[in-house]
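First up is the structure itself, then whatever we jot down about it.
So that the names make sense, note that chain A is the first sequence line, chain B the second, and so on, each numbered from 1.
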2 protein chains.
Amino acid sequence: MIRIVIAEDQQMLRGALASLLQLEEDIEVVAQVSNGDEALQAINTYQPDLCLLDIEMPELSGLDVAERIKQEGLPCKVMIVTTFARPGYLERAMEAKVEAYLLKDEPIQFLVEAIRKVYQGGRVISPELANFLFEKEENPLSEREQEVLRLVAEGKSTDEIASTLYLTKGTVRNYLSAAIQKLEVNSRHQAIKKATEKGWL
Amino acid sequence: MIRIVIAEDQQMLRGALASLLQLEEDIEVVAQVSNGDEALQAINTYQPDLCLLDIEMPELSGLDVAERIKQEGLPCKVMIVTTFARPGYLERAMEAKVEAYLLKDEPIQFLVEAIRKVYQGGRVISPELANFLFEKEENPLSEREQEVLRLVAEGKSTDEIASTLYLTKGTVRNYLSAAIQKLEVNSRHQAIKKATEKGWL
DNA sequence: ATAAAATGATGACAGGTGTCATATCGAGTC
DNA sequence: GACTCGATATGACACCTGTCATCATTTTAT
């Protein structure tokens, strides 16, 4: 019996997956949760064989949860199940050594088979993502540049960012300028768009 | 037997819903499609009792499909099933006189019951959205202002927008300025954010 | 038919933004 | 110890942006 925990914030999908997986004879859904914090708790409590983690959830992202599980050396295998084919996400997941990375655009049957493969010690990646593994683009942004971009993304002004980070606004503009050039775009907002698409924030 | 068509672009959710609904004795899923165009075709072909429409799909949005169904006077009842609690979406849906508007954050059981109610002539709205029906905010943006904002959202520059719409850049800035003031924000980008949240684009 | 909106344009101004050259400082590296 | 690199700062410049006043034209409403 494969014991699993499902972490997914959209109730309808979470419930649907749980019901369908429960129908499989060799699978038992021991817990369903809707955010990253609860996911960690549930994994500690139930010690499942593996967990399905959505990435974009409240509190802790699925990637954060994956990293913690691996750091703490928990035996629970990790399967990321997400909408987003972002190179940066995949890279973080690979670095955390997760067992699978699937897109929600796969059929359920693919998920079920992936679960069995992972349980038996295998690894699975959605075929659409296979390319990303080779032609992987490194995140060109420095820590500071990411920080500044994140704040712009939240809607903050140059001045607000400057005081948040205890910098002058000139310096903030320098970081933005550097980021804009590294990303080969023309404005801070295009920079945010591109960095977000790539999963670099 | 309630015959339904499911239009939802995320394969995993679509398949899961189809499988689960199929398990209900009084429901038959006659077609599953992944975009708005196919939805219209399927509805014409199969003449289902009702259809589940996601809003954000390729080609035609679920709202577009709903409007066409109602304009053409097709007997198919329409249930919108979406992630987004945006007042503007709900308003468009109400104007199109759809039979139901549900959030994907509802449990499946809610969906199943809603399907039965709608089949029997009822209407259903996710409880979280009930407020929006009363305190409904009108879209304050003119057609032109929306057009310009949409183009900014695509990442176009003022000059590009000007030549796309055959306007001078001064005029483009005027529309943006008007939109920014109507939305009570400080920049074109905040304007996009707010308008998008409200479902006004 | 006439008033009121909406559409489109222009020019001007203040302030924001992106770029660049340049300088300092500290942490590594050779 | 000299050198390089990243983080930080400054000042200057050109260009972009948001606002406003003003005007002409076309649509819409009464």
Side-chain angles (χ1 to χ4, degrees), chain A residues 88 91-92 95 136-201, chain B residues 88 91-92 95 136-201:
Chain A
E91 207 188 323
R92 259 186 85 186
E95 270 162 26
K136 80 165 160 185
E137 301 172 80
E138 295 267 316
N139 184 340
L141 302 172
S142 75
E143 200 46 60
R144 265 316 204 198
E145 287 156 3
Q146 290 176 43
E147 225 170 334
V148 172
L149 276 184
R150 255 178 252 125
L151 292 171
V152 176
E154 286 172 20
K156 302 214 181 191
S157 69
T158 305
D159 284 328
E160 286 171 327
I161 295 170
S163 61
T164 304
L165 300 179
Y166 305 104
L167 299 176
T168 60
K169 57 184 169 183
T171 304
V172 172
R173 286 199 284 149
N174 282 344
Y175 285 128
L176 279 172
S177 181
I180 287 167
Q181 286 177 277
K182 286 180 181 176
L183 297 175
E184 298 172 300
V185 293
N186 299 309
S187 74
R188 53 183 68 195
H189 302 282
Q190 285 175 27
I192 288 170
K193 204 174 164 191
K194 181 151 185 181
T196 305
E197 275 165 16
K198 296 287 189 178
W200 287 338
L201 293 189
Chain B
E91 206 186 326
R92 260 186 82 186
E95 269 161 27
K136 80 166 158 184
E137 300 172 81
E138 296 265 317
N139 184 341
L141 302 172
S142 74
E143 201 46 62
R144 265 315 204 200
E145 287 156 5
Q146 289 176 44
E147 225 170 332
V148 172
L149 277 184
R150 256 178 251 125
L151 292 171
V152 176
E154 285 171 22
K156 302 213 181 191
S157 70
T158 305
D159 284 327
E160 286 170 326
I161 295 170
S163 61
T164 304
L165 300 180
Y166 305 104
L167 298 177
T168 60
K169 57 184 168 183
T171 305
V172 172
R173 286 198 284 145
N174 282 343
Y175 285 127
L176 279 172
S177 181
I180 288 167
Q181 285 178 275
K182 286 182 180 175
L183 297 175
E184 298 173 300
V185 295
N186 297 309
S187 74
R188 55 182 68 196
H189 302 282
Q190 286 175 27
I192 288 170
K193 206 173 162 192
K194 182 150 185 182
T196 305
E197 276 166 15
K198 296 287 187 177
W200 288 337
L201 293 188

To the nearest 0.5 Å, how far apart are [atom1] in [X] and [atom2] in [Y]?
X	Y	atom1	atom2	value
A:Glu145	A:Leu176	CD	CG	9.0 Å
B:Glu154	A:Lys193	CD	NZ	7.0 Å
A:Glu91	A:Lys198	CD	NZ	11.5 Å
B:Lys169	B:Asn174	NZ	CG	13.5 Å
B:Leu149	B:Trp200	CG	CH2	11.5 Å

Could you check how far [atom1] of [X] sits from [atom2] of [N], rounded to whole Å?
X	N	atom1	atom2	value
A:Tyr175	C:dT19	OH	C1'	16 Å
B:Gln146	C:dA6	CD	P	13 Å
B:Glu145	D:dG18	CD	P	14 Å

Please list, in numerical order, the residues of residues 159-174 of chain A that have a heavy atom closer than 4.0 Å to any atom of DNA chain C.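 Here the set is A:Arg173, A:Asn174.
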When you measure from every atom of DNA chain C, which of residues 150-157 of chain B have a heavy atom less than 4.0 Å away?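 Under 4.0 Å from DNA chain C: no residue of residues 150-157 of chain B.
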Just to be sure I understand the geometry, which residues of residues 176-189 of chain B put a non-hydrogen atom under 4.0 Å away from DNA chain D? B:Ser177, B:Ile180, B:Gln181, B:Ser187, B:Arg188
Tell me the closest heavy-atom pair linking [X] and [Y], and the distance in Å.
X	Y	result
B:Ala191	B:Ile180	CB-CG1, 4.2 Å
B:Lys194	B:Val185	CD-CG1, 4.1 Å
B:Leu141	B:Gln146	O-NE2, 3.2 Å

By the definition side-chain contact (heavy atoms from CB on, under 4.5 Å), identify the one residue from A:Thr158, A:Val172, A:Thr164 that meets it with A:Leu151. A:Thr164
Does B:Arg144 pair with B:Glu147 as a salt bridge, N-O distance under 4.0 Å? yes
